[in-house]
Protein chains: 2
Amino acid sequence: MQATAFSPHDHTHCISSAISHAQSLCANRGVRLTPVRQRVLELVWQSHQPIGAYELLASLAKEGFNSAPPTVYRALEFLSDQDLLHKLESVNAYVGCCNPDTPHQGHFLLCQICHQAQELDSQYITLALKLSADQHGFEIQHHTIEIVGTCQGCLDKSKTPESVL
Amino acid sequence: MQATAFSPHDHTHCISSAISHAQSLCANRGVRLTPVRQRVLELVWQSHQPIGAYELLASLAKEGFNSAPPTVYRALEFLSDQDLLHKLESVNAYVGCCNPDTPHQGHFLLCQICHQAQELDSQYITLALKLSADQHGFEIQHHTIEIVGTCQGCLDKSKTPESVL
DNA sequence: TTGATTATTGTTATAATATAACATAACATG
DNA sequence: CATGTTATGTTATATTATAACAATAATCAA
């Protein structure tokens with residue numbers, strides 16, 4: 001399996017595909033992807049780096065949208081409810097969800113060098129969480145799984161200093 | 001394995017043992033468990049419910065300690081550096097660490113009914129995280145693993161309504 | 001279409017969480 | 001005891017998030 005966020009890829013395609021996906025998904029669900037909601041989703045998808053609420057707000061302001069905090073927090077809440085994005089609790093920032101059709105909680109790899117986030121949906125992790133919870137008679141509702149470290153690309157770069165090139 | 005936080009236990013013993021443990025550990029490490037640091041640790045250990053920084057601050061204020069935010073955040077930082085407590089990122093609150101001798105990151109079960117937190121150190125979870133990271137060539141530095149749900153005790157209570165008693 | 005209903009957005013204010021920056025005090029050690 | 005280091009005091013402010021209520025827009029039944 002290849003980690004998309006950490007690898008070169010056609011990111012314009014990421015964005016447009018996420019948006020058109022979101023549009024049809026909202027239509028099917030009978031919920032409204034209003035202009036501000038769609039714009040927040042586009043902004044979140046501008047990169048695979050999680051983005052903060054107030055950074056989104058600044059962008060909205062430049063573009064002539066209303067820009068009081070509730071505007072962006074409401075949009076984020078809607079998008080989160082629709083599984084179109086995830087909040088990364090350890091950095092108070094938001095990333096687009098790759099897989100909004102099936103309700104799930106992601107597992108995230110966060111690179112501390114390039115700051116990109118890769119969402120996983122690891123069956124290993126899901127199973128391990130379930131086993132551990134079961135051992136304690138604990139019933140899982142949801143979880144926060146955020147793994148911070150260094151991605152392959154940044155590891156490679158650190159191992160090839162310029163002096164060697 | 002029994003989840004201490006979720007089970008009846010001698011909690012006074014929890015506190016005193018955590019404090020005396022912290023004292024010897026700090027002595028061994030040549031770092032200072034000053035009065036405000038020790039008091040913050042005691043307050044964190046008052047229960048197995050994670051406690052917020054400003055709630056700690058309010059307690060310190062009542063007790064005559066200095067009570068500007070940096071006071072408590074500095075103490076929390078020290079205690080965290082010494083592995084004496086953990087921050088739960090999903091709730092912005094702090095819990096005492098059961099096992100400060102061996103540097104580790106805990107895995108947490110958070111009960112949404114009784115709000116208690118149980119720290120685990122599950123080899124299943126550790127292994128699953130490592131496997132997933134390895135698959136992506138990702139090198140782990142640290143992680144946030146917080147599982148929210150209902151603990152066994154609260155499940156039992158919800159299954160025994162008063163009408164049945 | 002109209003009016004009732006609900007969903008969405010606008011607006012103001014404030015809550016909750018956390019840190020910067022610099023001054024002072026306490027401690028450790030040669 | 002002088003000096004460097006660690007810890008604390010103090011003021012101010014940054015960052016993240018929500019409450020509360022007003023206004024507007026979409027929806028839909030009659």
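The basis for the numbers below is simple: all heavy atoms, side chains too, and nothing from hydrogens, waters or symmetry mates. Chain letters run A, B, ... following the sequence lines, proteins first and then strands; every chain starts at 1.
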Visitor: Going by the rule ring pair (Phe, Tyr, Trp, His ring centres under 6.0 Å), which residues pair with B:H21 if we only count those two or more places apart in sequence or in a different chain?
Guide: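 Listed in chain order: nothing, the list is empty.
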Visitor: I need the residues from residues 40-68 of chain A with at least one non-hydrogen atom less than 4.0 Å from DNA chain D; give them sorted by number, or say none.
Guide: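 Going residue by residue through residues 40-68 of chain A, the ones with a heavy atom under 4.0 Å of DNA chain D turn out to be A:Y54.
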Visitor: Between C1' on C:dA16 and CD on B:E89, what's the gap in Å once rounded to a whole number?
Guide: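 Whole-Å distance recorded here is 15 Å.
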Visitor: Shoot me the first and last contacting nucleotide of DNA chain D against chain B, ordered 5' to 3', at under 4.0 angstrom to non-hydrogen atoms.
Guide: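 The protein-touched segment is D:dA7 to D:dT11.
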Visitor: Check the pair A:L109, A:Q116 against side-chain contact (heavy atoms from CB on, under 4.5 Å), reporting the backbone distance first and the verdict last.
Guide: CA-CA 8 Å; A:L109 300 177; A:Q116 305 218 32; over 6 Å; no
Visitor: So B:V36 and B:N66, side-chain contact (heavy atoms from CB on, under 4.5 Å) or not? Walk me through it.
Guide: CA-CA 9 Å; B:V36 70; B:N66 181 38; over 6 Å; no
Visitor: Measuring from A:Q152:CD to B:Q135:CD, what's the distance to the nearest 0.5 Å?
Guide: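 Rounded to the nearest 0.5 Å, the CD-CD separation comes out at 12.0 Å.
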Visitor: Roughly how far, to the nearest 0.5 Å, is the CG atom of A:L56 from the OG atom of A:S67?
Guide: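 Answer rounded to 0.5 Å: 12.0 Å.
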Visitor: Show your working on side-chain contact (heavy atoms from CB on, under 4.5 Å) between A:I145 and B:L129 and close with a plain yes or no.
Guide: CA-CA 9 Å; A:I145 309 296; B:L129 297 177; 4.1 Å; yes
Visitor: Residues from residues 20-29 of chain B sitting under 4.0 Å of DNA chain C, heavy atoms only?
Guide: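 None, since no heavy atom is under 4.0 Å.
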Visitor: When the distance from CD of B:E77 to C1' of C:dA18 is rounded to whole Å, what number comes out?
Guide: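 That distance rounds to 11 Å.
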Visitor: Is the closest side-chain donor-acceptor distance between B:E89 and B:T144 under 3.5 Å?
Guide: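 Absent: no donor and acceptor within the cut-off.
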Visitor: What residues form a side chain to side chain contact (heavy atoms under 4.5 Å, CB included) with A:Q105, not counting sequence neighbours?
Guide: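 Listed in chain order: A:H142, A:H143.
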Visitor: Per the salt bridge (charged side-chain N to carboxylate O under 4.0 Å, His left out) rule, what does the pair list look like for residues 43-69 of chain B, sequence neighbours excluded?
Guide: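 Residue pairs with at least one partner in residues 43-69 of chain B: B:R39-B:E63.
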Visitor: Is A:Y124 isolated, or which residues cluster with it under the ILVMFWY side-chain rule of less than 4.5 Å, directly or via members?
Guide: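 So far as hydrophobic clustering goes, A:Y124 is joined with B:L127, B:L131.
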Visitor: Please list all pairs passing the ring-ring contact (aromatic ring centres under 6.0 Å, His included) test where one or both residues lie in residues 67-106 of chain B, with sequence neighbours left out.
Guide: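 Non-adjacent pairs meeting ring-ring contact (aromatic ring centres under 6.0 Å, His included): B:H86-B:H104, B:H86-B:F108.
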Visitor: Would you say A:Q82 and A:V31 make side-chain contact, with heavy atoms under 4.5 Å?
Guide: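 They are in side-chain contact.
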Visitor: Does the side-chain contact (heavy atoms from CB on, under 4.5 Å) test come out yes or no for A:T150 and A:Q112, once each step is laid out?
Guide: CA-CA 6 Å; A:T150 310; A:Q112 59 197 345; 3.6 Å; yes
Visitor: Write down the protein N/O and nucleotide N/O pairs, taken from nucleotides 25-27 of chain C, whose separation is under 3.5 Å; answer none if there are no such pairs.
Guide:
none

Visitor: Would you jot down, in residue-number order, the residues of residues 69-76 of chain B having a non-hydrogen atom under 4.0 Å from DNA chain C?
Guide: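 Output list: B:P69, B:P70, B:Y73, B:R74.
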Visitor: Is any side-chain heavy atom of B:C26 closer than 4.5 Å to a side-chain heavy atom of B:L84?
Guide: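 Yes. Closest side-chain heavy atoms under 4.5 Å.
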Visitor: Hey, does B:Q46 have a side-chain heavy atom less than 4.5 Å from the side chain of B:I51?
Guide: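 They are not in contact (no side-chain heavy atoms under 4.5 Å apart), so the answer is no.
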Visitor: Looking at five pairs on each end of the helix from C:dT1-D:dA30 to C:dG30-D:dC1, what is the angle between the two axes, given to 10 degrees?
Guide: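 For the helix from C:dT1-D:dA30 to C:dG30-D:dC1, the axes at opposite ends meet at about 30°.
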Visitor: List for me each residue that meets side chain to side chain contact (heavy atoms under 4.5 Å, CB included) alongside B:N28, sequence neighbours excluded, and say none if there are none.
Guide: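 None.
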Visitor: Between B:H11 and B:H9, is the ring centre distance below 6.0 Å?
Guide: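 Yes, they do, as the ring centres are separated by less than 6.0 Å.
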